[in-house]
Amino acid sequence: MITVEDLHKSYGDTVAVDGITFTAEPGRIFGLLGPNGAGKTTSIDCIAGVHKPTSGRITVGEFDIVRNARQAKAQMGVVPQEVALYEEVSARENLHFWGGACGLKGATLKERATEVLELIGLIDRAEEAIKKYSGGMKRRLNFGCGIMHQPPVLLLDEPTVGIDPQSRVRLLDLVREQAAAGVTVLYTTHYMEEAEALCDEIAIIDHGTIHAQGSLEELRTLVGEKDMVRLTGTFDPGTVSRALSDNLPEVEIMESDEEALLVSMMDAAGNLVALLGVLHDTGAVLRETSVRRPSLETLFIKMTGKELRE
Amino acid sequence: MSNLRYLLAAIRKDIGRILKDPLGILLWLCMPVMVGVLVNLAFGGGDGETPTAELLIADEDNSLLSGLLTGGFGQGEMAELIHTRAVTRAEGEREIYRGRATALLVIPEGFGDSFLNGEQDTLSLLTNPSQTILPGIVEEILEIMTTGGGLLREFLGPQIDLIASGEETGEDLLADQTVAGMAVDINNLMEGAGTWLFPPAIAFQNISVDTTAVTEAETGMVAEEEKTLLWYFFPSLLTLLLIFSGMTFSSDIWEERRAGTLRRGLSVPFPMRWMILGKFLAASLIIVTVILMAAAFGRFVLNLPHYSWLAGALFLALTGATLVAGMTALQVLFRTERGASIVVMFFVMVMMFGGGSFFPLEAMPGFLQRIAVYLPNGWALTHYKSVIDGHSAAGELLLPAIILISVFILCWTFCSWQIARRWGSDPS
Ligand SMILES: Nc1ncnc2c1ncn2[C@@H]1O[C@H](COP(=O)(O)OP(=O)(O)OP(=O)(O)O)[C@@H](O)[C@H]1O
Ligand SMILES: [Mg+2]
């Protein structure tokens with residue numbers, strides 16, 4: 001279990017995390033979903049004890065990460081965003097070192113290393129210096145080093161970036177297995193589909209704050225049944241706003257400027273003709289129209305006012 | 001107990017990494033060994049009577065630098081080996097052809113200027129074909145230093161490239177301009193080919209004998225006549241090894257930061273200091289091994305008359321360990337590797353040329369000798385020499401050793417603190 005209360009972290013003048021609060025439960029996968037620079041890694045670093053929080057409280061299990069760093073860290077397995085391994089030595093030696101660093105020793109350490117090598121599918125190349133590995137293989141080993149000591153809490157910082165589709169499926173399965181075994185998993189990602197497919201609970205983070213939080217279902221109801229319609233072309237925002245509130249009051253404007261318009265409305269497919277008609281009457285010139293069904297992405301756009309791109 | 005196990009794992013890990021990539025070690029081993037081999041070839045064994053060479057110098061440059069070069073030749077012990085005489089080029093050539101002198105060194109016009117501008121210029125050496133050994137010696141002296149300089153360039157190449165590479169800013173300890181200034185200085189120093197030729201030429205003539213030692217020559221001390229040039233050179237070569245190993249091993253901290261392993265090390269239950277100590281001890285083990293082998297080689301293969309060679313070698317190894325810790329402390333003061341390289345390189349240069357590691361202390365002008373003992377290598381070299389020379393008992397290394405250990409602990413503590421504070425997890 002991880003509890004984070006009102007966590008703040010600044011680097012000099014940069015506020016990276018600006019008051020986030022959440023609880024990740026055992027046996028569940030908690031997702032932190034946010035774009036580049038949202039503060040995901042900074043949050044993970046604070047929880048992992050790599051950085052000291054500027055303020056706020058973090059407990060892992062029953063231990064405070066600042067006051068009982070050693071016990072708290074012993075509970076955690078960390079898989080950093082950047083591959084953090086020793087390139088000159090073999091996969092097995094890396095597992096031995098990081099497993100040992102998490103308290104494993106002797107025969108247990110050796111057996112567990114073999115087990116993990118099998119789990120991540122690298123047993124055949126276990127004795128090779130990992131500088132000869134592909135990027136995806138290094139990522140799998142990066143993950144392996146984090147689960148060596150079978151920690152009750154697992155922090156994963158975008159572990160699937162740069163991995164091929166098969167390895168990715170395999171890795172996600174491994175993460176699910178960890179959760180099924182009762183591990184508390186904190187998973188950061190900027191892939192919408194990954195969060196939807198994997199996480200039991202999701203927090204949408206941007207600019208260091210959490211904009212929405214809940215299970216996938218709860219978040220879906222937050223968006224409501226409404227669809228999102230994005231139009232590009234030439235608009236006069238003032239006229240558009242007036243025309244829409246006069247003629248189609250149920251349409252909600254999310255974003256509006258001279259070149260783009262983003263609205264949310266019920267049954268967009270059925271009401272699109274009416275919408276286009278009203279816009280046409282304002283003198284708008286349309287270039288492109290796209291309709292999106294409610295999803296995490298629409299919620300994300302609604303919460304942060306921007307799209308989540310890779 | 002578990003801390004100790006982690007420490008051992010960290011040592012094993014780093015030794016494994018070093019041995020998997022032995023090129024780094026070979027590189028820093030190569031340079032002093034080559035210089036040593038050349039010195040030995042030139043002054044092989046040192047037995048037999050030392051003949052006197054007649055060196056003619058034609059100074060066509062008449063600059064301050066050429067003056068230093070010619071003026072210095074006639075001093076100290078070197079004066080007994082090489083007699084110098086100022087001549088014009090024409091006179092000198094005549095003398096050589098008549099077989100009346102060993103060699104003619106011509107310092108061409110503009111040499112001093114080229115040197116200061118970092119341009120290449122050639123000193124020409126005309127040797128007497130009828131003499132066999134002496135011209136060789138004169139030639140070798142110049143040769144060693146140019147070759148040594150060339151090797152040094154090879155070794156320092158990547159560092160120079162790094163220093164010469166583009167702008168990189170960061171809130172480093174030193175202001176950007178200062179660092180940039182140092183970079184320019186170092187570049188000039190490295191680029192002037194004359195640099196490598198010149199200082200040794202100046203330094204060499206100054207080899208002087210510690211006269212108090214001669215007059216009190218008693219039993220239990222190395223007699224002056226046993227002190228061959230190699231005897232003077234060998235300890236310097238050992239400290240040269242230490243400086244290079246310190247530079248190589250301390251820069252590995254950047255490797256670990258780039259790889260993200262320091263950051264990962266901050267998330268494990270053991271404090272960062274054990275990981276850092278592991279690094280230092282792994283480097284130290286390699287240094288002890290190399291220094292012991294080198295010292296044993298000097299004592300038993302080259303037959304250098306050394307007292308307490310083992311205690312001396314261990315003391316030097318401890319100095320090496322402290323240099324690794326100290327230079328790492330210097331590295332982690334900087335945000336960028338470039339900034340750190342420039343300053344570390346600067347210290348390496350200062351120690352090398354100022355602390356008696358490239359030219360033996362005895363071959364340096366007196367005022368420099370007095371400064372040298374305040375540099376880590378010069379300080380260690382002085383203590384080491386006084387022991388192998390029989391001047392002091394091995395026990396007298398105890399206090400210096402305690403000082404070294406204290407400095408080591410201080411640097412270790414600082415590095416661990418600085419790395420845990422932020423340095424280790426900053427993006428590089
Ligand atoms: N060591 C540091 N020093 C200064 N600023 C930092 C540091 N680390 C992160 N930041 C800043 O903090 C903010 C959050 O960065 P963070 O790495 O936590 O984002 P992220 O959500 O992990 O992004 P990404 O998806 O790109 O990994 C960014 O504005 C970043 O520039
Ligand atoms: Mg990140």
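Only heavy atoms go into these numbers, but all of them, side chains included; no hydrogens, no water, no symmetry mates. The structure presented is a predicted model; accordingly, all values stated were derived computationally and were not measured.
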(request) Could you pull out the closest heavy-atom pair between B:Tyr6 and A:Ala101, with the gap in Å? (result) CE1-CB, 3.5 Å

(request) Below 4.5 Å from any heavy atom of chain B, which atoms of A:Asn68 appear? Answer side chain, backbone, both or neither. (result) neither

(request) Name the region of A:Asn94, side chain, backbone, both or neither, that has any atom closer than 4.5 Å to a heavy atom of chain B. (result) neither

(message) I'd like to know if A:Glu87 and B:Arg258 make a salt bridge, using a cut-off of under 4.0 Å between side-chain N and carboxylate O.
(response) no

(message) Are the side chains of A:Glu93 and B:Lys13 in contact, using a 4.5 Å heavy-atom criterion?
(response) no

(request) Go through the atoms of B:Met275 and report whether side chain, backbone, both or neither lie under 4.5 Å from a heavy atom of chain A. (result) side chain

(request) For the residue pair A:Gln75 and B:Pro269, establish whether any side-chain heavy-atom pair is separated by less than 4.5 Å. (result) no

(message) Quick check: closest heavy atoms across A:Lys73 and B:Val268, and the distance to 0.1 Å?
(response) CD-O, 3.2 Å

(message) Quick check for you: among B:Ser267, B:Gly424, B:Gly260, which has the greatest number of heavy-atom pairs under 4.5 Å with chain A?
(response) B:Ser267

(request) Supply the atom-to-atom distance B:Arg17 CZ to A:Tyr86 OH, rounded to the nearest 0.5 angstrom. (result) 6.0 Å

(request) Tell me the residues of residues 287-296 of chain B whose non-hydrogen atoms fall below 4.5 Å from those of chain A, in number order. (result) none

(message) Looking at B:Lys20, I want to see if its NZ is surrounded by more than 12 non-hydrogen atoms of other residues, nucleotides or ligands under 6.0 Å.
(response) yes

(message) Please evaluate residues B:Arg263 and A:Asp45 with respect to the criterion side chain to side chain contact (heavy atoms under 4.5 Å, CB included), reporting the C-alpha separation (whole Å), side-chain torsions for both, the decisive distance (0.1 Å), and the verdict.
(response) CA-CA 9 Å; B:Arg263 174 192 284 258; A:Asp45 278 352; 2.3 Å; yes

(message) Give me the atom names and distance for the closest heavy-atom approach of B:Gly16 to A:Val89.
(response) C-CG1, 4.4 Å

(request) Identify the residues of residues 405-423 of chain B whose heavy atoms come closer than 4.5 Å to a heavy atom of chain A, ordered by number, or report 'none'. (result) B:Ala420, B:Arg422

(request) With a 4.5 angstrom heavy-atom cut-off, could you sort out which part of A:Ala69 is near chain B: side chain, backbone, both or neither? (result) neither

(request) Please report the closest heavy-atom contact between A:Ala84 and B:Arg264, naming both atoms and the distance. (result) O-NH1, 2.9 Å

(request) Would you check if B:Thr261 and A:Phe97 make a side-chain contact, meaning some heavy-atom pair closer than 4.5 Å? (result) no

